Amino acid sequence: QVQLMESGGGLVQPGESLRLSCRARGFNSGNFPIAWFRQAPGKEREGVSCISSRDRDTFYADSVKGRFTISRDRSENTVYLQMNNLKPEDSAVYYCATDFEARCTYYSAGAFGDYWGQGTQVTVSS
């Protein structure tokens with residue numbers, strides 16, 4: 001059974017950092033792209049970042065470029081999202097997703113996501 005499990009969310013102050021984890025079970029996530037999305041109350045879901053199946057390419061939303069870094073640990077079957085210099089507008093539920101057909105180039109266009117995790121809450125507030 002394909003499963004994705006996020007962890008690492010929490011409450012932090014502006015300027016602080018968090019590292020989110022997306023652990024895959026039931027499949028080798030290294031063979032597929034993994035993307036991070038977020039959704040704040042009253043807002044549409046937003047694609048944050050994506051790492052391609054061979055880790056050759058990474059993609060970031062303009063709003064997080066230079067602050068967030070996506071990476072993969074194949075030995076742990078886990079993808080990470082390192083979030084630095086967090087801002088209040090980064091507050092949201094963060095989800096990871098994978099797609100067995102689509103590539104990262106589609107992740108921000110709403111055409112990505114065969115499987116999703118349950119989400120982890122990130123709150124940035126002073």
Side-chain angles (χ1 to χ4, degrees):
Q1 182 180 2
V2 173
Q3 288 184 318
L4 295 170
M5 293 165 291
E6 304 94 337
S7 61
L11 171 63
V12 296
Q13 295 188 347
E16 294 186 338
S17 300
L18 280 174
R19 188 179 76 160
L20 304 184
S21 300
C22 173
R23 188 175 184 91
R25 289 186 177 177
F27 72 109
N28 184 351
S29 65
N31 293 334
F32 303 98
I34 300 287
W36 285 96
F37 297 82
R38 67 186 180 187
Q39 188 165 22
K43 294 188 177 181
E44 292 187 355
R45 186 173 63 203
E46 174 190 18
V48 176
S49 183
C50 189
I51 186 166
S52 64
S53 59
R54 300 188 180 188
D55 303 347
R56 187 176 302 166
D57 299 303
T58 56
F59 299 79
Y60 297 95
D62 288 343
S63 58
V64 306
K65 280 181 182 176
R67 300 189 298 122
F68 290 12
T69 303
I70 192 169
S71 62
R72 189 196 304 265
D73 185 333
R74 291 175 178 271
S75 67
E76 295 291 330
N77 211 16
T78 299
V79 169
Y80 300 99
L81 185 68
Q82 177 66 42
M83 307 187 296
N84 297 330
N85 190 23
L86 283 161
K87 303 176 180 180
E89 52 264 41
D90 294 318
S91 298
V93 178
Y94 283 71
Y95 302 89
C96 63
T98 191
D99 200 294
F100 287 2
E101 295 290 338
R103 298 180 180 180
C104 276
T105 46
Y106 295 99
Y107 91 103
S108 61
F112 187 101
D114 288 335
Y115 298 96
W116 294 79
Q118 81 288 349
T120 185
Q121 176 72 48
V122 172
T123 304
V124 185
S125 175
S126 56

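What you see is a predicted model, and the numbers here were worked out from it, not measured in a lab. Position 1 is the first residue of the sequence; numbering continues from there.
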S.K.: Do the non-hydrogen side-chain atoms of Met83 and Val122 ever get within less than 4.5 Å of each other?
M.R.: yes
S.K.: Just jot down the side-chain hydrogen bond (donor to acceptor under 3.5 Å, both in side chains) partners of Thr123, sequence neighbours excluded, or say none.
M.R.: Gln121
S.K.: Between Tyr107 and Ala102, is there a donor-acceptor pair closer than 3.5 Å when you use the side chain of the first and the backbone of the second?
M.R.: no
S.K.: For residues 2-11, please give each side-chain donor-acceptor pair under 3.5 Å, one per line with the distance, not counting sequence neighbours.
M.R.:
unit_1 : atom_1 : unit_2 : atom_2 : d
Glu6   : OE1    : Gln118 : N      : 2.9
Glu6   : OE1    : Gly119 : N      : 2.8
Glu6   : OE2    : Cys96  : N      : 2.8
Glu6   : OE2    : Gly119 : N      : 3.3

S.K.: Quick one: side chains of residues 26-37, donor-acceptor pairs under 3.5 Å with protein atoms, not counting sequence neighbours, listed by atom name and distance.
M.R.:
unit_1 : atom_1 : unit_2 : atom_2 : d
Asn28  : OD1    : Gly30  : N      : 3.0
Ser29  : OG     : Asn77  : OD1    : 2.6

S.K.: Could you tell me which residues satisfy side-chain hydrogen bond (donor to acceptor under 3.5 Å, both in side chains) with Lys65, sequence neighbours excluded, listed by chain and number?
M.R.: Asp62
S.K.: Is any side-chain heavy atom of Tyr80 closer than 4.5 Å to a side-chain heavy atom of Thr69?
M.R.: no
S.K.: Taking only residues at least two apart or on different chains, which pairs with a member in residues 39-52 satisfy side-chain hydrogen bond (donor to acceptor under 3.5 Å, both in side chains)?
M.R.: Arg38-Glu46, Glu46-Ser63
S.K.: Start with the C-alpha distance between Leu20 and Tyr95, add both sets of side-chain angles, then the distance that settles side chain to side chain contact (heavy atoms under 4.5 Å, CB included), and finish with yes or no.
M.R.: CA-CA 10 Å; Leu20 304 184; Tyr95 302 89; over 6 Å; no
S.K.: Could I get the full list of ring pair (Phe, Tyr, Trp, His ring centres under 6.0 Å) partners for Phe112, not counting sequence neighbours?
M.R.: none
S.K.: Step through the shown structure and confirm whether more than 12 heavy atoms of other residues, nucleotides or ligands are within 6.0 Å of CD on Glu89.
M.R.: yes
S.K.: Going only through I, L, V, M, F, W and Y residues with side-chain contacts under 4.5 Å, is there a path from Tyr60 to Tyr106?
M.R.: no
S.K.: Transitively linked via ILVMFWY side-chain contacts under 4.5 Å: Leu81 with Leu18?
M.R.: yes
S.K.: Can you list everything that forms a side-chain hydrogen bond (donor to acceptor under 3.5 Å, both in side chains) with Ser75? Sequence neighbours excluded, please.
M.R.: Asp73
S.K.: To the nearest 0.5 Å, how far apart are OG in Ser53 and CZ in Phe100?
M.R.: 12.0 Å
S.K.: Can you list everything that forms a side-chain contact (heavy atoms from CB on, under 4.5 Å) with Arg74? Sequence neighbours excluded, please.
M.R.: Asp55, Arg72
S.K.: For the atom pair CG (Asp99) and SG (Cys50), what is the distance rounded to the nearest 0.5 Å?
M.R.: 9.0 Å
S.K.: Taking all heavy atoms of Asp90 and all of Tyr94, pick out the closest pair and write down the distance.
M.R.: O-OH, 2.6 Å
S.K.: For Arg103, give me all partners under side-chain hydrogen bond (donor to acceptor under 3.5 Å, both in side chains), at least two apart in sequence or on another chain.
M.R.: none
S.K.: Determine which pairs satisfy salt bridge (charged side-chain N to carboxylate O under 4.0 Å, His left out) with at least one residue from residues 116-126, sequence neighbours left out, and list them in order.
M.R.: none
S.K.: If a pair satisfies salt bridge (charged side-chain N to carboxylate O under 4.0 Å, His left out) and one of its residues is in residues 109-122, list it, with sequence neighbours excluded.
M.R.: none
S.K.: Who are the side-chain contact (heavy atoms from CB on, under 4.5 Å) partners of Ser17, not counting sequence neighbours?
M.R.: Gln82, Asn84
S.K.: With rounding to the nearest 0.5 angstrom, report the CG to CZ distance, Leu86 to Arg67.
M.R.: 6.5 Å
